[in-house]
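The figures that follow rest on heavy atoms only: side chains count, while hydrogens, waters and symmetry mates do not. Below, chains carry the letters A, B, ... as their sequence lines are ordered, and counting in each starts from 1. As the structure is a computational prediction, the values presented were derived from the model and not from experiment.
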Number of protein chains: 2
Amino acid sequence: MNKDLSDRLRRHGLHVTAQRLAVLRAVSEHPHITADAVLDLAQAELGAISRQAIYDALNTLADKNLIRRIQPMGSPTRYEARVGDNHHHLICRICGRVEDVDCAVGAAPCLMPSDAMGYEIDEAEVIYWGRCPACQAQADMHNQT
Amino acid sequence: MNKDLSDRLRRHGLHVTAQRLAVLRAVSEHPHITADAVLDLAQAELGAISRQAIYDALNTLADKNLIRRIQPMGSPTRYEARVGDNHHHLICRICGRVEDVDCAVGAAPCLMPSDAMGYEIDEAEVIYWGRCPACQAQADMHNQT
DNA sequence: ATCAAAATATTGACAAAGTCCAGAATATCT
DNA sequence: AGATATTCTGGACTTTGTCAATATTTTGAT
C-alpha cells in the first residue's frame with residue numbers, strides 16, 4: 001500500500017520520505033482535509049512531525065499536481081487527492097461541508113466566459129453554494145415550518 | 001452623493017455612520033478592493049478610523065448583501081459593491097489580477113450540478129483561472145518563443 | 001555497503017488577516 | 001430631549017501560514 005504512494009512520489013521526481021507518505025495518505029483518505037487535520041493524522045502516524053514539514057509537503061505535492069487545493073470562503077485551505085478529472089464542489093453555507101460533484105464535461109476548462117479579455121484560461125472552477133440536508137432540517141425546526 | 005449611499009444603508013435597516021459611508025464608498029469606487037486598502041481610503045477620508053470598524057462595516061455590509069466578498073487563492077479577501085447580477089470572475093494565476101465577467105444566464109444560480117445531493121443551492125460561483133495578457137507576454141520573453 | 005551532493009525536515013521566530021472583549025461614544029426612535 | 005440599541009475604539013489574541021539557519025535523510029555513483 002505504501003508502494004503505491006511511494007511510486008506516485010517518485011514518478012513526479014520527488015524524494016520519498018516518511019513525512020510525505022503520511023501527508024499524501026492523509027489527503028488521499030480524507031477528501032477536503034485541512035492542513036491542521038493533516039498535521040494531527042501525520043503526528044498520530046509518525047509520532048512526531050513538524051508543522052513546517054506538513055506545509056512543505058502539501059505545497060510541494062500541490063505544485064506537482066499530486067493533490068489539489070480548494071479554498072472556500074470562510075474556511076482554511078483544504079486539500080484533495082482527486083485530481084485530473086476536473087470535478088467541482090458543493091459547499092454548505094452553514095456548516096461548511098464540502099461534496100464532490102462530477103463535471104458534466106469532464107475536461108478542464110469545462111466552461112468559457114463570454115469574453116476572455118485576452119486571458120489564457122486553463123480552468124473553470126465552479127463552487128455551488130447552498131445548505132446541506134442537515135442544516136436545512138435544523139433551520140426548519142427553528143422556524144416550526 | 002452621500003444621499004445615495006445613506007439611503008442604501010437605511011433601506012437595509014442599518015444605522016448611517018460616517019465610517020460605513022466611507023467603507024461603502026471605497027468599495028463602490030474600487031472593485032475588488034482589499035480590507036487593507038479600504039482602511040487606507042477610509043483613513044484618508046475621515047482622518048481616523050480603526051481597523052475594527054472597517055471589518056465590522058465590511059462584515060455587516062456583506063451580511064446585508066450590500067457588498068460581496070471574493071476570496072481568491074493567495075490573496076486576502078476582496079470586496080465589491082456590484083451585487084445582484086451574479087457575474088463571475090477571471091483571475092490571473094501569476095499576478096492575481098481580477099476581472100469581472102458577465103454571466104451568460106444572469107440570475108443566480110446560473111448553473112446546476114448534475115446531482116445536488118439534497119442540497120438547496122442558491123448560487124453557482126464560477127472562477128476562471130488563467131494568465132492575463134501582461135503575464136503571458138512576460139513569460140514569452142523569458143522563453144524567447 | 002559507503003559516501004558525497006542534493007533534497008528534505010526541524011526548530012523557532014515572524015507575519016498577515018482577522019476576531020474578541022469591555023468600555024466609551026453615537027444614532028435612532030418615541 | 002431621553003432612552004435604548006447599535007456602533008466605535010484600542011489592545012490583546014488566534015489562526016493560518018512563511019522564513020531562515022541548521023541538522024538529517026535520500027539518492028545515485030562508487
Just how far, in rounded Å, is P of dT15(D) from CD of Gln71(A)? 19 Å
Residue whose nearest DNA chain C nucleotide is more 5′ - Pro76(B) or Arg10(B): Pro76(B)
Just how far, in rounded Å, is P of dT26(D) from CG of Leu21(A)? 10 Å
Rounded to whole Å, please give me the gap between CG in Asp36(A) and C1' in dG17(D). 11 Å
State, yes or no, whether a side-chain contact exists between Leu66(A) and Thr60(A) at a heavy-atom distance under 4.5 Å. no
Between Glu80(B) and Arg78(B), does any side-chain N to carboxylate O distance fall below 4.0 Å? no
Round to the nearest Å and state the distance from Ile49(A) atom CD1 to dT25(D) atom P. 14 Å
Gap between atoms CD1 and P, on Ile33(A) and dT16(D) respectively (whole Å): 13 Å
Under 4.0 angstrom between Thr17(B) side-chain N/O and dT6(D) OP1 or OP2: no
His87(B) side chain to Asp100(B) side chain, donor-acceptor N/O pair below 3.5 angstrom: yes
Closest heavy-atom pair, Cys92(A) versus Tyr119(B), reported as atoms and distance to 0.1 Å, is N-CE2, 3.8 Å
Salt-bridged, Asp56(A) to Arg20(A), with N to O below 4.0 Å? no
Whole angstroms only, please: what is the CG-P distance between Leu39(A) and dT15(D)? 13 Å
Those residues of residues 55-67 of chain A lying under 4.0 Å from DNA chain D by at least one heavy atom: Tyr55(A), Asn59(A)
Determine whether any donor atom in the side chain of Arg51(A) lies under 3.5 Å from an acceptor atom in the base of dG17(D), or the reverse, and answer yes or no. yes
Of all heavy-atom pairs linking Leu46(B) and Gln19(B), the shortest is CD1-CA, 3.9 Å
Is any side-chain N of the basic residue among Arg68(A) and Asp63(A) closer than 4.0 Å to the acidic one's carboxylate O? no
With sugar-phosphate meaning primed atoms plus P, OP1 and OP2, does Gln52(A) contact a base, only sugar-phosphate, or nothing at under 4.0 Å between heavy atoms? base
Have a look at Ser50(A) and say if it touches a base, only the backbone sugar-phosphate, or nothing, with a 4.0 Å heavy-atom cut-off. base
Closest heavy-atom pair and its distance - Ile49(A), Gln43(A): O-NE2, 3.4 Å
To the nearest 10°, give me the bend of the helix from dA1(C)-dT30(D) to dT30(C)-dA1(D), comparing the axes of its five terminal pairs at either end. 40°
Measuring from the side chain of Gln19(B) (C-beta onward, heavy atoms only), which nucleotide among dT7(D), dT9(D), dT26(D) has the closest atom? dT9(D)
Heavy-atom contact window of chain A on DNA chain C, given 5' to 3' at under 4.0 Å: dA7(C) to dA13(C)
Would you mind classifying the nucleic acid contact of Thr34(A) as base, sugar-phosphate or nothing, using non-hydrogen atoms under 4.0 angstrom? nothing
Quick check: closest heavy atoms across Ala26(A) and Ile33(A), and the distance to 0.1 Å? O-CD1, 4.1 Å
Which heavy atom of Ile67(A) sits nearest a heavy atom of Leu58(A), and at what distance? CD1-O, 3.6 Å
Go through the side-chain N and O atoms of Tyr128(A) and Glu123(B) and say whether any donor and acceptor fall under 3.5 Å apart. no
Measure the distance from CE on Met73(A) to C1' on dT15(D) and round it to the nearest whole Å. 19 Å
Work out which heavy atom in Ala42(A) is nearest to a heavy atom in Ile54(A); give both atom names and the distance. CB-CD1, 3.9 Å
